[in-house]
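Remarks on the structure that follows.
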Amino acid sequence: MTDHHDSAHDEQSHGSTGKFLTVFVGLLFLTAISFTVGNNEAIMSTPAIGWTIMMAVSCAKAMLVMLFFMHLKWEANWKYVLTIPASIMSIFLLLMLFPDIKNRTENYSNTRWLHAATPATDAHGGHSPAAEPAAAQEDATGH
Amino acid sequence: MSEHTHGSHDHHGHIELEYQPGLPINNGKVILWLFLSTEIMFFAGLIGTFIVLRYGAPAGTWPTPHDVHLKEYLGAINTFILICSSVSIVLAFEAAKANKSSQARWLMIVTFVLGCFFLGIKMYEYGQKFEHGIYPKKPHSMIYEKADLNYASAVRKRLATIVNDINAADAQQAGLAQEKATLATETETLNGVVENSSSDPQEVADAKTRLREIRQRVSEIESEESALIAGAEERAKHKEIAEPLLNHLARWTEVAAATQTDPNLRVGAIEILAYQIYPLHRDHDQVHLFLEEEAAAREAEKRELTDLVELLKTPVAEKDDVAEAQRAEQLAAAEARLAQIAGREQTLAAVNSLEHGLNDEHHWLMLPIKIPSGNMWASTYFLLTGFHAIHVIVGLIVFACILPLKLDRSRANMLENTGLYWHFVDLVWIFLFPMLYLF
């Protein structure tokens, strides 16, 4: 914290109030998009589309925050070392988990369905999931 | 620490070493960015857990935000608050760099207040969950995974407890009133003794002692009674609601679930009960089918019973005492069953006319609720938002430590580092908000 003069004159050039307010408006606009998509029944009837849009919007918001508010746009190349490996780990973890877990029932055989956790919607519907795996999958996506 | 090369700290005879500073930024910032890169993975782990639990839950069971009283607009307001606080803290940093310390302080105060607002809304939301009995686990959680006999008997037990408590309080009040009346009669007799001039002085003294005791006891009774009397009206009202629910909703359901031969009616009975208490939108159509089925079954049973009653009431030619007694018994049973059905119909009609579920209409009922995967939902919700909230709290503590300082150019780095942390907190919320509130 002793080398304040360096950073002070270094960073004088970027980051004006106007720029931050523009980013602010952008963030609000993106939040509004997420909110509208999340509450739009037509889009959420195929949730995968809604989820993709919302996550894309979130990533855009995250980029705005990191680039401008966290000044990464103006930092030297060390920024890549500290952010990219962690981000890759995180993104890959999620990208691998998501289809593995979410789509695990897609290729279930009828025999496999016999040992699956019974979908609650079928428990009182009176028909077994083994008989109608397709119906169970519809429930999975169209809640 | 580029100043080391200027030798400004080396007054103690150290060998002056020439070395290249690693990065063109201050150490604090390096450390903070290292910390943030571990934090990215920390939250990625949490979100990964969420994915496993949410999509690993039995298909179609994960509660929608509406099912668990999650208000989207509150999440949106919190997003807005955090974005505003991100702007204010970045502007505070700019102000400090420009050596405008008072402006920087004002902006930090704004950031601090916004952070408090965020936490306040979060607390309100948590309170709402708790009020609805949505906790991750028993004993506080009122969530049941499915509407089965276990659930029905839990509902019956809760209603029975309510009715029993009311009855006990009523009995206590009546007992106290009676004791007071007895004491009043005794007081009169004793007063007679005291006022009678021909009484034995010893007797008068005893009577006076006893009178004092009675006065003391009466004041005790009155203080005990006042709360009971104040609550009497409410108790009566509650009993009027709870008793039919106990008899015609909970007990009926248990009996139907245990004795019905038609499997649809058996399952339907409990589903109807769960829906009346806590209506899940997705159960609406199914439960209405169950209700129609039950109504049809009830109508058929009613017709049968009415015919039976008529048959039993028609006089028979031969008089046979045993047969007569049997007929009377049958008649009484049939009429009791008819009364039960009538009570069920009345209660169902009353409950169906309510706008919300029973738990929402009467908060004091606190009946068990059916939310499939509800406990798991609560676990992930509290885990994710809780860890985020802890980060917010840490940020607020840091703000509180910074605020008393003079935020001029020499403190700009400190503000920058604090800002980086706070932006990360905002960043996490940017992902949590759609995941928890909009998916």
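A, B, ... follow the sequence lines: proteins, then strands. Residue 1 opens every chain.
For a residue to count as touching a neighbouring chain, one of its non-hydrogen atoms must lie under 4.5 Å from one of that chain's; by this rule B:Phe433 touches chain A with the side chain only. In this structure, no portion of B:Leu289 lies under 4.5 Å from any heavy atom of chain A. For A:Leu94, the parts lying near chain B are the backbone and the side chain together; criterion is any non-hydrogen pair under 4.5 Å. With a 4.5 angstrom heavy-atom cutoff, B:Leu91 touches chain A only via side-chain atoms. For A:Ala76, the part lying under 4.5 angstrom from a heavy atom of chain B is the side chain only. Contact of B:Leu427 with chain A is made through the side chain alone, with heavy-atom distances under 4.5 Å. For A:Ile88, no part lies near chain B; criterion is any non-hydrogen pair under 4.5 Å. If you measure heavy-atom distances from B:Ala57 to chain A, the contacts under 4.5 Å come from the backbone alone.
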Can you check salt bridge (Lys or Arg N to Asp or Glu O under 4.0 Å) on B:Glu94 and A:Lys19, steps first, answer last? CA-CA 12 Å; B:Glu94 294 296 323; A:Lys19 197 174 279 167; over 6 Å; no
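Looking at A:Ile101 and B:Arg54, their side chains never come closer than 4.5 Å, going by heavy atoms from C-beta outward. B:Tyr73 has its side chain out of reach of A:Asn39: every pair of non-hydrogen atoms, C-beta onward, lies at least 4.5 Å apart.
The distance from the CG atom of A:Leu82 to the CG atom of B:Leu36 is 9.0 Å, given to the nearest 0.5 Å. For the atom pair A:Met54 CE and B:Phe439 CZ, the distance stands at 5.0 Å (nearest 0.5 Å). The structure places NE2 of A:His71 at 7.5 Å from CG of B:Leu420, a figure rounded to the nearest 0.5 Å. Distance CZ/B:Phe424 to CE/A:Met66: 9.5 Å, rounded to 0.5 Å.
Smallest separation of non-hydrogen atoms from B:Trp33 and A:Met70: CH2-CE, 3.9 Å. The two residues A:Met44 and B:Leu438 make their nearest non-hydrogen contact at CE-O, 3.6 Å.
Atom NE2 of B:His288 has more than 12 heavy atoms from other residues, nucleotides or ligands within 6.0 Å. In the displayed structure, A:Met55 atom CE is contacted under 6.0 Å by more than 12 heavy atoms of other residues, nucleotides or ligands. Residue B:Lys71 places its NZ atom among more than 12 non-hydrogen atoms of other residues, nucleotides or ligands, all under 6.0 Å distant.
A donor-acceptor pair is defined here as one N or O able to donate and one able to accept, closer than 3.5 Å; such a pair exists between the side chain of A:Ser58 and the backbone of B:Ile430.
Every residue two or more places apart in sequence or in another chain that forms a side-chain hydrogen bond (donor to acceptor under 3.5 Å, both in side chains) with B:Glu293 is listed here: B:Asn264.
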Show which side-chain atoms of residues 27-37 of chain A pair as donor or acceptor with protein atoms under 3.5 Å away, not counting sequence neighbours.
residue, atom, partner, partner atom, Å
A:Thr31, OG1, A:Leu27, O, 2.7
A:Thr31, OG1, A:Lys61, NZ, 3.0
A:Thr36, OG1, A:Ala32, O, 2.5

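Heavy-atom pairs under 4.5 Å with chain B peak, among A:Phe98, A:Phe69, A:Phe24, A:Phe68, at A:Phe69.
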